[in-house]
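Just below is one structure, and these are the notes that go with it.
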Amino acid sequence: MSIDRTIKLILPLAFAAGLATQASAQTIKIGVNQPLTGPFAASGTYVVNGAKIAADEINEKGGIRGCKIELVIEDNKSNPTEAAAVAEKLITGDKVPVMMGAWGSSLTLAVMPKLMEYKVPMVVETSSSGK
């Protein structure tokens with residue numbers, strides 16, 4: 001994934017999170033639910049590295065509305081059950097208002113019920129399931 005494409009994915013997330021955060025917030029948390037181990041690890045690592053580069057570039061330019069982006073990165077281990085658990089942890093434990101992930105269709109489909117339950121948006125960069 002190119003840096004420009006990654007920035008284009010992160011900016012809407014950051015903007016949405018910025019609107020959802022209190023005016024006094026200093027950071028905008030973005031949950032990153034990617035496979036960093038298991039059979040999809042290489043692909044998930046590429047996405048995470050691109051997100052880090054984009055966040056660094058955005059933060060160097062002053063962030064979004066003066067708020068820095070903080071990526072909260074979690075390994076879904078290329079496993080749908082783990083992806084759903086990671087999503088819930090990011091939402092309830094880390095309090096992320098938005099998320100990116102979860103890499104492939106099986107992982108994303110497993111995460112969707114949690115996103116719906118907690119009403120958290122997620123940018124999906126790879127999934128292609130018609131569901």
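Remember, predicted model here, so these are calculated numbers, not experimental data. All residue numbers refer to positions in the sequence shown, counting from 1.
Remark: S127 engages T108 in a side chain to side chain donor-acceptor pair (under 3.5 Å) (not counting sequence neighbours). Remark: T81 pairs with no residue by the side chain to side chain donor-acceptor pair (under 3.5 Å) rule, at least two apart or across chains.
In terms of modelled atom types and a separation under 3.5 Å, the side chain of K68 and the main chain of N59 share a donor-acceptor contact. A donor-acceptor distance shorter than 3.5 angstrom exists from the side chain of S78 to the backbone of T37, with no hydrogens or angles considered. Formation of a donor-acceptor pair under 3.5 Å by the N76 side chain with backbone atoms of A102 is found in this model. Here the side chain of K77 pairs no donor or acceptor atom with the backbone of E82 at under 3.5 angstrom. Judged by distance alone, with hydrogens and angles left aside, the side-chain atoms of N33 form no donor-acceptor pair with the main-chain N or O of V86 at under 3.5 Å.
Considering all non-hydrogen atoms of both residues, P97 and P121 come closest at O-CD, 3.4 Å. The shortest non-hydrogen separation linking V98 to V120 is CA-CG1, 3.9 Å. Summarising the geometry of I91 relative to K114, their closest heavy-atom pair is CD1-O, 4.2 Å, with the distance given to 0.1 Å. Scanning both residues, T126 and W103, for their nearest heavy atoms gives CB-O, 2.7 Å. What you find for P80 and A110 is that their closest heavy atoms are O-CB, 3.3 Å.
To the nearest 0.5 angstrom, D94 atom CG is 12.0 Å from E88 atom CD. Interatomic distance, CG of L90 versus CD1 of I30, reported as 12.0 Å (0.5 Å rounding).
Considering only heavy atoms from C-beta on, L107 stays 4.5 Å or farther from V111 through its side chain.
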(request) Start with the C-alpha distance between Q34 and F40, add both sets of side-chain angles, then the distance that settles side-chain contact (heavy atoms from CB on, under 4.5 Å), and finish with yes or no. (result) CA-CA 9 Å; Q34 292 291 331; F40 310 131; over 6 Å; no
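Linking Ile, Leu, Val, Met, Phe, Trp and Tyr whenever their side-chain heavy atoms come within less than 4.5 Å puts I58 and L71 in one cluster. Residue L109 is not grouped with residue M100 when hydrophobic side chains (ILVMFWY) are merged at heavy-atom distances under 4.5 angstrom, including chains of intermediate members.
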